[in-house]
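First comes the structure, then the notes that go with it.
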There are 2 protein chains.
Amino acid sequence: MYRAAVPGPVQSIERAAAILRLLAARSGRLGLVEISASLDLAKGTVHGILRTLQSVGFVEQDPTSGKYQLGAALLHLGSSYLDVNELRARALNWSDALAARTGEAVRVGTSMDSRVLIVHHVFRPDESLQTLEVGNLLPAHACALGKVLLAYGPAPTRAQASQPLEGFTRVTVVDRRALTQELGRVREQGWSQEVEEWQPGEAAVAAPIRAYGGLAVGAIEVRGAVERLCDYHRQPKTEHVTRVREAARAISRELGAARW
Amino acid sequence: MYRAAVPGPVQSIERAAAILRLLAARSGRLGLVEISASLDLAKGTVHGILRTLQSVGFVEQDPTSGKYQLGAALLHLGSSYLDVNELRARALNWSDALAARTGEAVRVGTSMDSRVLIVHHVFRPDESLQTLEVGNLLPAHACALGKVLLAYGPAPTRAQASQPLEGFTRVTVVDRRALTQELGRVREQGWSQEVEEWQPGEAAVAAPIRAYGGLAVGAIEVRGAVERLCDYHRQPKTEHVTRVREAARAISRELGAARW
DNA sequence: AACAGGGGTCGGCATTGTCGAACGACGCTC
DNA sequence: GAGCGTCGTTCGACAATGCCGACCCCTGTT
């Protein structure tokens, strides 16, 4: 039997986490056999794990259909994570001001599993209906936040670099070499942009939030309609770039100061 | 050795969940020995679980201090839970309207471990700064949401009924018998109130959201300053009570209709 | 009425996680 | 600055633990 390199990754916990991820990915309820088939585990095994997860409130079971879904306890854990998260805490003050000054929505994100996790979101300051995106996961290569995180984060692993890039609009960067080139440009100029590469009609500008050592621990972006955020060359307006970069620097300073 | 009544609650997963709860309760970072002492487990055991939780992103370790805290993956799971949660989905439409009509903040909650979990929160429609309370856990006996859930939920277990009620202000109901009496009144009138029992200066009115069978699966409340929400007898204004009850009934109907 | 498909249960086996002691690093005190 | 205490981490042995796969029951369908 294969023996793990590092000792003691608790198998059942890994499996439980895989089940939770599966339930989160397929938004909706999943049956026992679906889960056991997806993870290639025996039904009985999955059932035992599910019952345990249910008893601690991490999953719930629909009594009529018998299907499983995520449980309420996770919501509380997630919000507790936000309370502890230092990046978010430091970004709170500055992002409000940034949204007010630019008149656009502001989002703060961090890297997770080569995707971008939104940890803070300030609505565009107008009366329009907007949905809170905190907790959402975005593909890194298709949004301004992600590009900055890729550019200033650790180098991608072999496995990551060989995965194809998914396209979302006609201008999403799907060519790996083109992306590498753009990330170089991002490093040179110190900020990233994204014009209709994720959502049609939307553009964004992002800058890195760096902790001691220079590695990016997060990013902050301003996002809004292309016609407001960009000039007539479809390039982000300089004032927005400047303001995002200022906010990012301010937060970086606070993060550094808090620990050193 | 004690043998569990139902077979197969996976021990390591229960322990992992206990660790996560501990990390959530003590907001902040915890050391390995603190955790192992709190749960009365061997250091090595806790370490193995923590490493596994870390590898799946449920906890993070501060590289400088070595202490552990909740991880980013939980945020995503929590927000995924919100996506699936049917109570919240149905409440979305009605709570916005309720907030607009009453001019006050609206919250929707559900029962969890004999406390109240906030699953939706609409800010009071003015420019004041408010913090999102989704994911927060409140004591059931001290808020309007909780009283409704207690009144229309399953009867409390022996263990629950013998726990003392914590006081938060001078008027918090801390006497178990007084609470029972008030819950009876809530059942009679179909709604609950709370005047400065949780936060000084704040009052709230709540009504039950019931699924098929009549059991409350959630509750919705309007919350605001006492002087706005109540009349000069410090009783909630009738118009607010009516509106909350209407919203609750509408959501209940949708929930029932969705399944039957 | 028979069948298919779902969730749930059970007991035996060996894999798996647990324990406790020992290690190395750090920081504090004297 | 040497010693001590504390903390996170590693390791190996043991056996308790959780895993597997066959079996059961129920519901809905053909």
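Quantities reported herein were computed from a predicted structural model and do not represent experimental measurements. In what follows, chains are A, B, ... by sequence order, proteins preceding strands, each numbered from 1. For the numbers below, each heavy atom of this structure counts, side chains included, while hydrogens, waters and symmetry mates do not.
- Using modelled atom types and a 3.5 Å distance limit, the side chains of B/Ser65 and B/Asp62 yield a donor-acceptor pair.
- Note on A/Arg51: every side-chain N or O is 4.0 Å or more away from OP1 and OP2 of C/dG7.
- Taking atom CG of A/Leu50 as the reference point, atom C1' of D/dG18 lies 15 Å away to the nearest angstrom.
- What separates NZ of A/Lys43 from P of D/dC24 is a distance of 13 Å, to the nearest Å.
- Across all strands shown, A/Glu34 has no heavy atoms under 4.0 Å from either base or sugar-phosphate atoms.
- Residue contacts for B/Gly31: at a heavy-atom cut-off of 4.0 Å it reaches the sugar-phosphate backbone alone, with no base atom in range.
- Checking side-chain atoms of B/Thr110 against main-chain N and O of B/Val217 turns up a donor-acceptor pair under 3.5 Å.
- Under 4.0 angstrom from either OP1 or OP2 of D/dG18 there lies no side-chain N or O belonging to A/Arg15.
- With rounding to whole Å, B/Leu32 atom CG is found 14 Å from C/dT18 atom P.
- Nucleotides of DNA chain D nearest to A/Leu41 and B/His47 differ in position, and the one nearer the 5' end is that of B/His47.
- Residue B/Tyr68 has no polar side-chain atom (N or O) positioned under 4.0 Å from OP1 or OP2 of D/dC7.
- Side-chain contact of A/Trp94 with A/Glu254: a donor-acceptor pair under 3.5 Å is present, judged by distance alone.
- Using a 4.0 Å heavy-atom criterion, one finds that A/Ser12 contacts the sugar-phosphate atoms exclusively.
- Summarising the geometry, the separation between CD1 on B/Ile19 and C1' on C/dG17 is reported as 13 Å, rounded to the nearest angstrom.
- If you check D/dC20, D/dT9, C/dT18 against the side chain of A/Ala42, the one that comes closest is D/dC20.
- Computed from coordinates, the B/Ile35 CD1 to D/dT9 C1' distance equals 14 Å when rounded to whole Å.
- Remark: side-chain polar atoms of A/Gln163 are not paired, donor with acceptor, to backbone N or O of A/Gln160 under 3.5 angstrom.
- Judged by distance alone, with hydrogens and angles left aside, the side-chain atoms of A/Glu60 form a donor-acceptor pair with the main-chain N or O of A/Ala72 at under 3.5 Å.
- Atom-to-atom, CZ of B/Arg29 to C1' of D/dG8 comes out at 17 Å; the value is rounded to the nearest Å.
- When each of B/Thr45 and A/Gln61 is assigned the nucleotide of DNA chain C with its nearest heavy atom, A/Gln61 is the one assigned upstream, toward the 5' end.
- If you take CD of B/Gln11 and C1' of D/dT17, they are 7 Å apart, rounded to a whole angstrom.
- Checking D/dG8, D/dC20, C/dG7 against every side-chain atom of B/Val33, the shortest atom distance belongs to D/dG8.
- Of the listed nucleotides (D/dG18, C/dC19, C/dT9), D/dG18 has the atom at the smallest distance from the side chain of B/Val10.
- The interatomic distance linking A/Asp40 (CG) with D/dG21 (C1') rounds to 14 Å, in whole Å.
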